[in-house]
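The structure appears below as structure tokens.
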Amino acid sequence: MTALTDGFHLVVDALKANDVDTMYGIVGIPITDLARVAQASGIRFIGFRHEAAAGNAAAAAGFLTRRPGISLTTSGPGFLNGLPALANATANCFPTIQISGSSNRALVDLQRGDYQDLDQLNAARPFVKAAYRITRVEDIGVGVARAIRTAVSGRPGGVYLDIPGVVLGQAMDAAAAAASVWRVVDPAPQQLPAPDAVDRALGVLARAQRPLIVLGKGAAYAQADNAVREFVETAGIPFLPMSMAKGLLPDSHPQSAAAARSLAITRADAVLLVGARLNWLLGHGDSPQWSSDTKFIQVDIAPSEFDSNQPIAAPLVGDIGSVLAALTDGLSSHPITVSAEWTHELAERRARNDEKMRQRLAENPHPMRFYNALGAIRRVLQENPDVYVVNEGANALDLARNVIDMELPRHRLDSGTWGVMGIGMGYAIAAAVETGKPVVAIEGDSAFGFSGMEIETICRYRLPVTVVILNNGGVYRGDEAPTGDDPAPTVLNARARHELLAEAFGGKGYHVTTPSELRKALSEAIASNGPSIIDCELDPAAGVESGHLASLNPTSAATPKAAVSADA
Ligand code: ADP
């Protein structure tokens, strides 16, 4: 009698052949047995409470490991719940694969009303790098290989892999099945830059008076830390990290211009973008934020990124490791001299801003405001530099990004390219699962709500995650007066005791009202290596509407908002 296998086992075999060791998801029809078979074969399955959080965890795993993070969803609504996370992964260039079971195609395509009927493949397409469907059990090997190759090669992104339930349940001859699965060789091959492109770029830098390097999360993702450091230090050019590139070189590095960001941007006359897009996060490279005669040099794996906003005087297509190594090699024939005037100008501004920050952090108002809470967190994290930091919110994001320095690469995960809320718990879970290291999630109280139920997941798996909720009782702030019987649209509950959520599921809860209580609680929580929530009670009047993005917020001419005081 010939041995048989089935689609469930074949998917797992194909994933294992490609070193997948973890899946994030929620079970249900038709993929419950897929999770069981995966777990039984040694793949870790982390079960969530909402598919978006599972998808966000997979995306963060992709960013941290440079291998595709895998999420698993059920058909119809489960698939749809996961899709925004896959779209967000694509926007952030994180390699992620959402594998979803789907309903009977014959019924779905004739719209006959199958269980959870949805044309998932076409629904996914506009939001992802690629969407594929496997329609025969013998195509599972090629489908998985294709999804992996697409997710990680070139510009990484989200891939949707549709597997109808019937395919999962199909039987196949075991020997033929084994032969249909393969391991993808060199999934993200090196891409070397052309020598004349390297010369052109170094020529632009050599002619500049005030050069600047901007490091983006693509540079952090590339895991080319030594090549980046060597070029930055040999060239001696000041650098500015985008938020998720903080720590690629330590924030304490003498060449960091982070504390002189606006001066560096307005004054630089040549800017080398390394894995950073000239999108809204960099003001599209427009003046007056940037000098109108700035020359841009850009390193990116995706050539279509060049000229997306500004003329790129020297495009460098290739992977960051190869390009920066080539740039370092070329320095001997294109020496760069960074003027002492430029470094001095930046150093002066940095010292002035550092002093302002020191004074802000030293204040001790009661009730606490963002800076005082963040000052306490900063102290504890300085003592624990290997902690992974997850950060989302409006003020909680803007201010933590500036206050919390990072010393190690890829240790900060945040709202990213979309400035999205809801990534917090998914990212925190993935950081803990993938690295085994302690994680501190610094959350606005509103932001936490988007994925808050995952605290149960964190407790169930006993993950070393501490969630600090900067609770000012509202979206932006919690003191907007009601105009009728209902709370104002921005108002949540300033007296909410979020720490009880952790206690409900067996974690530890803390409620703190002063910086010293916060320091003590956070040190203890990190040392416990287990799950906890610290509800950090802030002044409901602390915070500014839309954080640092107030300029993007159209104001109603008919009903102007009450003036808000700046906490920044
Ligand atoms: P940030 O938001 O930090 O500015 P972005 O997400 O805008 O960063 O930019 C990341 C860029 O890095 C993307 O354009 C992406 O194509 C690029 N990228 C990702 N991985 C690599 C790599 N290995 N080599 C070169 N470029 C890369």
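Here the structure is a predicted model, which means the values were calculated and not measured. All ligand and atom numbering here is 1-based and tracks the order in the structure.
Geometrically, ligand 1 and Gly275 share a nitrogen or oxygen pair separated by less than 3.5 Å. The distance criterion of under 3.5 Å between nitrogen or oxygen atoms is not met by Tyr221 with respect to ligand 1. Among the atoms of Ile301, some N or O lies under 3.5 angstrom from an N or O of ligand 1. Among the atoms of Arg155, some N or O lies under 3.5 angstrom from an N or O of ligand 1.
Between Arg412 and Asp414, at least one side-chain nitrogen of the basic residue sits less than 4.0 Å from a carboxylate oxygen of the acidic one, meeting the salt-bridge criterion. Here Glu355 pairs with Arg358 in a salt bridge; the nearest charged N to carboxylate O distance falls below 4.0 Å. At a threshold of 4.0 Å, the pair Asp21-Lys16 does not count as salt-bridged, since none of the basic side-chain nitrogens sits closer than that to a carboxylate oxygen.
Under the 4.5 Å side-chain criterion, counting only non-hydrogen atoms from C-beta, Ile429 is not in contact with Val465. Within the 4.5 Å cutoff, the side chain of Gln255 has no heavy atoms near those of the Thr343 side chain.
Proximity to Ala222 (heavy-atom distance under 4.0 Å) selects the following atoms of ligand 1: 23 (N).
For Gly318, the heavy-atom gap to ligand 1 drops under 4.0 angstrom.
Screening Arg261, Lys246, Arg350 for a salt bridge (Lys or Arg N to Asp or Glu O under 4.0 Å) with Asp251, the sole residue that qualifies is Lys246.
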- Verdict with supporting geometry, Arg277 and Asp300, salt bridge (charged side-chain N to carboxylate O under 4.0 Å, His left out): CA-CA 9 Å; Arg277 285 169 283 184; Asp300 207 292; over 6 Å; no
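Heavy atoms of Lys217 found under 4.0 angstrom from ligand 1 belong to the backbone as well as the side chain. Residue contacts with ligand 1 for Asn279 involve side-chain atoms from C-beta outward but no N, CA, C or O (heavy atoms, distance under 4.0 Å). At a heavy-atom cutoff of 4.0 Å, ligand 1 is contacted by the side chain of Thr417 but not by its backbone.
Among protein heavy atoms, atom 16 (O) of ligand 1 sits closest to Asp300 OD1, 2.6 Å.
For atom 25 (C) of ligand 1, the nearest non-hydrogen atom from the set Val323, Ile320, Asp414, Asn92 belongs to Ile320.
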